[in-house]
Amino acid sequence: MQIMDLLKKRIVEDGTVLPGNVLKVDNFLNHQVDAQLMDKIGAEFARLFKDEKVTKVVTVESSGIAPALTTAIHLGVPLIFARKHKSLTLTDNLYTASVYSYTKQVSNDISVDKRFLNSDDRILIIDDFLANGQAVQGLLEIAKLADVSVAGIGIVIEKSFQKGHTLIEKAGIRLESLARIASLNDGKVTFVD
C-alpha cells in the first residue's frame, strides 16, 4: 500500500472531526506518534525532494518534529525546529517571526538561532498540517531573514479548503502534501481526488 493510501486510511479510521473544521489525529501523528508510519512519511518526502539539493529540514515545534526528523534522516541532513518558547539558552542572535495557531487560538513568536541557517543553505520545510498557512508563513519569513533558499514545503495533511495552499501557490514555492482534504463537512473526511 502506498504511503498516501495508508495515511488516508489512518485518517479515516483513527481521525476525529471536531467542530470548527478541526481534524484530530493525535493517536498517530501529533501526540502519540506511529513511528513506522512516520518513517514511511519521511521516506516519501525524501523521495519527492531528493533532487532539490536540500541542506537542512526546518519545522516548527512541536507537532512538525516527528515527520521532519524522519525526512531529515532519509535525506541525510540536519533538522532545525523553530522554537516557540524562549529558554535561558536561547535569548539573542535569533531569526524570529510571529505565528498564529488556529487550533490553539494564540500567537507565538518562533525563533531559530542564527548560527544554524546561512545563505548557503537550501531548506525543506516540513509540517504536520497545512490549514491557514500561518506556521509555514512564519518559517518562510525566517528563511527570508536568513537569506536561505527554500527547496519546497512538505505537508503530511493539508486542509485544501482553507487558505494555506493558495498562499504557498502564490509564493511560487513547490508544495507536496501527502493527504489533501477537500472537506470535513458533517463530521466526514472527504479527500481531494
Side-chain angles (χ1 to χ4, degrees), residues 1-16 23-83 103 110 112 116-117 120-131 133 135-140 142-143 146 148-160 162 164-165 167-169 171-182 189-193:
M1 183 178 290
Q2 285 191 336
I3 184 59
M4 278 89 146
D5 296 329
L6 182 60
L7 181 58
K8 287 178 183 178
K9 184 176 189 283
R10 289 296 298 272
I11 291 166
V12 170
E13 289 177 0
D14 298 330
T16 305
L23 176 63
K24 185 176 179 180
V25 288
D26 64 347
N27 55 346
F28 68 90
L29 180 61
N30 54 21
H31 190 54
Q32 174 174 273
V33 176
D34 180 330
Q36 288 73 34
L37 177 64
M38 212 51 56
D39 182 59
K40 290 177 175 131
I41 286 169
E44 180 64 8
F45 282 135
R47 183 189 71 75
L48 290 167
F49 291 99
K50 71 181 184 308
D51 297 327
E52 292 293 336
K53 297 179 176 62
V54 173
T55 62
K56 292 179 181 157
V57 173
V58 179
T59 193
V60 175
E61 76 172 345
S62 62
S63 297
I65 292 175
L69 177 61
T70 58
T71 302
I73 289 168
H74 284 280
L75 286 172
V77 300
L79 163 66
I80 299 169
F81 61 89
R83 305 281 301 259
T103 52
I110 60 170
V112 171
F116 302 138
L117 288 175
D120 294 335
D121 283 316
R122 184 159 169 79
I123 66 168
L124 172 60
I125 294 171
I126 298 288
D127 209 0
D128 61 336
F129 267 94
L130 176 63
V136 168
Q137 288 289 99
L139 291 173
L140 290 174
I142 285 173
V148 299
S149 65
V150 178
I153 298 166
I155 301 294
V156 179
I157 301 171
E158 174 188 313
K159 294 195 277 183
S160 301
Q162 290 182 277
H165 182 97
L167 287 172
I168 294 168
E169 203 171 60
I173 298 169
R174 179 180 173 191
L175 172 63
E176 296 286 349
S177 299
L178 300 185
R180 295 186 64 211
I181 295 174
V189 178
T190 305
F191 293 100
V192 173
D193 291 330

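All heavy atoms count here, side chains included; hydrogens, waters and symmetry mates do not.
The nearest pair of heavy atoms linking S160 to V192 is OG-CG2, 3.7 Å. Among all heavy-atom pairs drawn from G64 and D127, the shortest one is CA-OD1, 3.5 Å. Minimum heavy-atom separation, H74 to G42: CD2-C, 3.7 Å. Scanning both residues, R122 and K53, for their nearest heavy atoms gives CB-O, 3.5 Å. Between F116 and D121, the shortest heavy-atom distance links the atoms O-OD2, 3.8 Å. What you find for V150 and A143 is that their closest heavy atoms are CG2-CB, 3.8 Å.
In this structure, the separation between CD1 on I125 and CZ on F49 is 10.0 Å, given to the nearest 0.5 Å. Annotation: the span from I123 atom CD1 to K56 atom NZ amounts to 10.0 Å, rounded to 0.5 Å. We find the CD1-CD1 distance between I80 and I142 to be 10.0 Å, quoted to the nearest 0.5 Å. Considering CG of L124 and OG of S149, their distance stands at 11.0 Å, rounded to 0.5 Å. Atoms CG and CD, from D26 and Q32 in turn, are 8.5 Å apart once rounded to the nearest 0.5 Å.
No side-chain heavy atom of V58 sits less than 4.5 Å from a side-chain heavy atom of V148. Residues E44 and M4 form a side-chain contact, since some pair of their non-hydrogen atoms from C-beta on lies under 4.5 Å apart. Contact annotation: the side chain of L175 approaches that of L130 to within less than 4.5 Å [non-hydrogen atoms, C-beta and beyond]. At least one side-chain heavy atom of M38 sits under 4.5 Å from a side-chain heavy atom of L29. Counting heavy atoms from C-beta outward, L139 and I110 have side chains that approach closer than 4.5 Å. Side chains of V57 and F45 form no contact here, defined as non-hydrogen atoms less than 4.5 Å apart. Residues F28 and I11 meet the side-chain proximity criterion, which asks for heavy atoms closer than 4.5 Å. Within the 4.5 Å cutoff, side-chain heavy atoms of F191 are placed close to those of V12.
Counting only distance, with no hydrogens or angles, the side chain of T190 and the backbone of A182 share no donor-acceptor pair below 3.5 Å. Between the side chain of K40 and the backbone N or O of L6, no donor-acceptor pair lies under 3.5 Å. T71 places no side-chain N or O within 3.5 Å of a backbone atom of A46 that could act as its donor or acceptor partner. Judged by distance alone, with hydrogens and angles left aside, the side-chain atoms of N27 form a donor-acceptor pair with the main-chain N or O of D14 at under 3.5 Å.
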Determine whether V156 and L7 satisfy the following criterion, side chain to side chain contact (heavy atoms under 4.5 Å, CB included), listing intermediate values before the conclusion. CA-CA 9 Å; V156 179; L7 181 58; 3.7 Å; yes
Could you give me the CA-CA distance, side-chain angles and deciding distance for V136 and I173, then say whether side chain to side chain contact (heavy atoms under 4.5 Å, CB included) is met? CA-CA 11 Å; V136 168; I173 298 169; over 6 Å; no
Yes or no on side chain to side chain contact (heavy atoms under 4.5 Å, CB included) for L178 and I41, after CA distance, side-chain angles and deciding distance? CA-CA 8 Å; L178 300 185; I41 286 169; 3.8 Å; yes
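Taking L69 as the reference, I73, L79 meet the side-chain contact (heavy atoms from CB on, under 4.5 Å) condition, with sequence neighbours excluded.
No side-chain N or O of T70 forms a donor-acceptor pair with one of D39 less than 3.5 Å apart.
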